[in-house]
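Here is the naming used below: chain letters follow the sequence lines, and residue numbers restart at 1 for every chain. Keep in mind that what you see is a predicted model, and the values were worked out from it rather than measured.
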Amino acid sequence: MSDIISSLYGELFEADLLAEISTCGIVKSVPKEELLIDIGSYIKHMPLLIHGAIKIIRVDNDGNELLLYFLEKGDTCAMTMTCCMGQSRSEIRAIAEVDTELILLPIEKMEEWLKYKTWRDFVFESYNSRLYEMLDAIDTLAFMNMDDRLLKYLRNKVIISKSNELRISHQDIAYELNTSRVVISRLLKRFEKENKIKIYRSRVEVLEY
DNA sequence: TCATTAACACGGG
DNA sequence: CCCGTGTTAATGA
């Protein structure tokens with residue numbers, strides 16, 4: 001386990017901290033689609049991603065889901081940090097986007113490790129990048145048309161699944177973008193005519209990036 | 001004008 | 001066959 005951590009975080013953390021992570025951390029495999037954290041749940045561990053991707057979703061009172069951002073290799077969850085500090089419950093839902101492996105660290109350590117400069121930097125930088133991604137998500141929602149949003153969504157999927165063959169139905173895309181399938185089908189059809197993508201049954205091949 | 005909803009036929013897996 | 005997909009018509013914002 002320590003060699004996995006070293007290869008991922010060796011540049012980032014000092015030796016003492018790496019050793020502590022090895023001792024305290026638990027490696028967990030999470031299959032695709034598995035629910036990691038739900039709204040209202042207390043958080044006992046903070047995750048460090050080894051590989052894979054986790055989507056972070058906000059849910060409104062009617063159960064509508066809104067995609068906030070993805071966590072990828074080397075990322076951690078900013079929500080966890082806020083929850084640990086304030087003893088509050090999760091405001092978000094976290095679901096594995098693909099098969100994922102991560103290290104779970106007990107939350108008590110999170111504060112204790114602030115004595116390490118590299119840890120403080122990591123936490124701070126994490127907050128920064130998550131905030132930036134949320135701003136980007138807000139921009140997308142507020143200022144982009146559905147066709148641009150769909151393109152962006154597809155490109156994002158390509159990056160995260162590490163494949164330009166996306167196995168997803170029009171209905172699922174519509175659900176994630178909070179729109180109707182008719183719109184997605186029509187836009188995808190248009191993208192296909194513009195040679196941006198190819199459409200198969202429950203499958204989309206992205207040609208342009 | 002463009003999204004949503006419902007309805008329906010087609011055909012791929 | 002089952003359900004994902006393409007399309008249309010009606011209605012609303």
Side-chain angles (χ1 to χ4, degrees), chain A residues 28-41 47 49-73 75 77-79 82 89-102 129-209:
Chain A
K28 191 183 181 190
S29 294
V30 184
K32 186 180 176 180
E33 303 288 300
E34 182 162 306
L35 181 69
L36 282 164
I37 300 168
D38 206 353
I39 314 260
S41 63
L49 266 80
I50 299 171
H51 63 77
I54 294 173
K55 66 178 167 188
I56 306 299
I57 293 165
R58 187 95 167 103
V59 184
D60 75 5
N61 297 329
D62 300 328
N64 299 311
E65 298 191 341
L66 169 62
L67 182 66
L68 291 181
Y69 52 77
F70 286 98
L71 297 178
E72 292 175 83
K73 181 170 68 178
D75 286 338
C77 177
M79 195 69 226
T82 1
R89 295 158 185 252
S90 175
E91 296 285 337
I92 51 89
R93 179 176 289 166
I95 297 173
E97 174 71 11
V98 296
D99 290 341
T100 297
E101 254 192 337
L102 43 79
S129 62
R130 290 296 86 76
L131 181 61
Y132 195 81
E133 283 186 69
M134 297 239 304
L135 284 179
D136 196 48
I138 292 171
D139 284 346
T140 303
L141 267 173
F143 305 125
M144 287 172 76
N145 298 322
M146 187 50 77
D147 49 357
D148 290 327
R149 286 180 61 196
L150 177 57
L151 259 186
K152 183 175 170 163
Y153 171 84
L154 291 174
R155 292 197 187 107
N156 213 339
K157 278 276 193 192
V158 166
I159 293 168
I160 278 152
S161 61
K162 295 189 173 63
S163 159
N164 45 6
E165 292 267 334
L166 306 175
R167 276 198 288 281
I168 189 163
S169 73
H170 296 185
Q171 183 60 72
D172 289 338
I173 299 173
Y175 188 59
E176 290 226 77
L177 294 179
N178 293 306
T179 184
S180 64
R181 184 190 61 80
V182 181
V183 172
I184 299 299
S185 290
R186 182 163 41 79
L187 289 176
L188 287 178
K189 200 82 174 77
R190 202 184 84 205
F191 290 162
E192 191 179 39
K193 281 181 185 151
E194 293 169 356
N195 292 318
K196 290 190 170 78
I197 61 170
K198 277 188 179 177
I199 303 173
Y200 309 91
R201 192 185 173 79
S202 294
R203 203 154 53 92
V204 175
E205 183 184 356
V206 181
L207 302 174
E208 275 186 22
Y209 299 72

Tabulate atom names and distances for all N/O pairs under 3.5 angstrom spanning the protein and nucleotides 10-13 of chain B.
from   : atom 1 : to     : atom 2 : distance (Å)
B:dG11 : N2     : A:R201 : NH1    : 3.0
B:dG11 : N2     : A:R201 : NH2    : 3.2
B:dG12 : N2     : A:R201 : NH2    : 3.2

Determine whether a donor-acceptor pair (N or O, by modelled atom type, separation under 3.5 Å) exists between the side chain of A:D99 and the backbone of A:K32. yes
So, the side chain of A:R149 versus the backbone of A:L141: is there a donor-acceptor pair under 3.5 Å, distance only?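 Not confirmed, A:R149 side chain does not pair with A:L141 backbone.
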Say you draw a straight line from CG of A:D148 to OG1 of A:T140; how long is it, rounded to the nearest 0.5 Å?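 If I round to the nearest 0.5 Å, the distance is 9.5 Å.
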Straight-line distance of A:K157 NZ to A:E176 CD, nearest 0.5 Å: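 Going from NZ on A:K157 over to CD on A:E176, the span is 5.0 Å.
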Separation of [N] [atom2] from [X] [atom1] (nearest whole Å):
X: A:R167; N: C:dT5; atom1: CZ; atom2: P; result: 14 Å
X: A:I197; N: C:dT5; atom1: CD1; atom2: C1'; result: 13 Å
X: A:Q171; N: C:dC3; atom1: CD; atom2: C1'; result: 11 Å
X: A:D147; N: B:dA3; atom1: CG; atom2: P; result: 9 Å
X: A:K193; N: C:dG6; atom1: NZ; atom2: P; result: 10 Å
X: A:R190; N: C:dT5; atom1: CZ; atom2: P; result: 19 Å

Lys/Arg N to Asp/Glu carboxylate O, A:K196 vs A:D147, below 4.0 Å: no
Taking atom OH as the centre, does A:Y200 end up with more than 12 heavy-atom neighbours from other residues, nucleotides or ligands that are less than 6.0 angstrom away?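 Counting other residues, nucleotides and ligands, OH of A:Y200 exceeds 12 neighbours.
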Heavy-atom neighbours of A:R167 CZ exceed 12 at 6.0 Å: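 No - once you tally the heavy atoms of other residues, nucleotides and ligands closer than 6.0 Å, there are 12 at most.
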Could you list the protein-to-nucleotides 4-8 of chain B atom pairs, N/O on both sides, closer than 3.5 Å?
from  : atom 1 : to     : atom 2 : distance (Å)
B:dT4 : OP1    : A:T179 : OG1    : 3.4
B:dT4 : OP2    : A:T179 : OG1    : 2.5
B:dT4 : OP2    : A:S180 : N      : 3.2
B:dT4 : OP2    : A:S180 : OG     : 3.1

A:R181: partners by side-chain hydrogen bond (donor to acceptor under 3.5 Å, both in side chains), with sequence neighbours left out: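 Applying side-chain hydrogen bond (donor to acceptor under 3.5 Å, both in side chains) to A:R181 gives A:S185.
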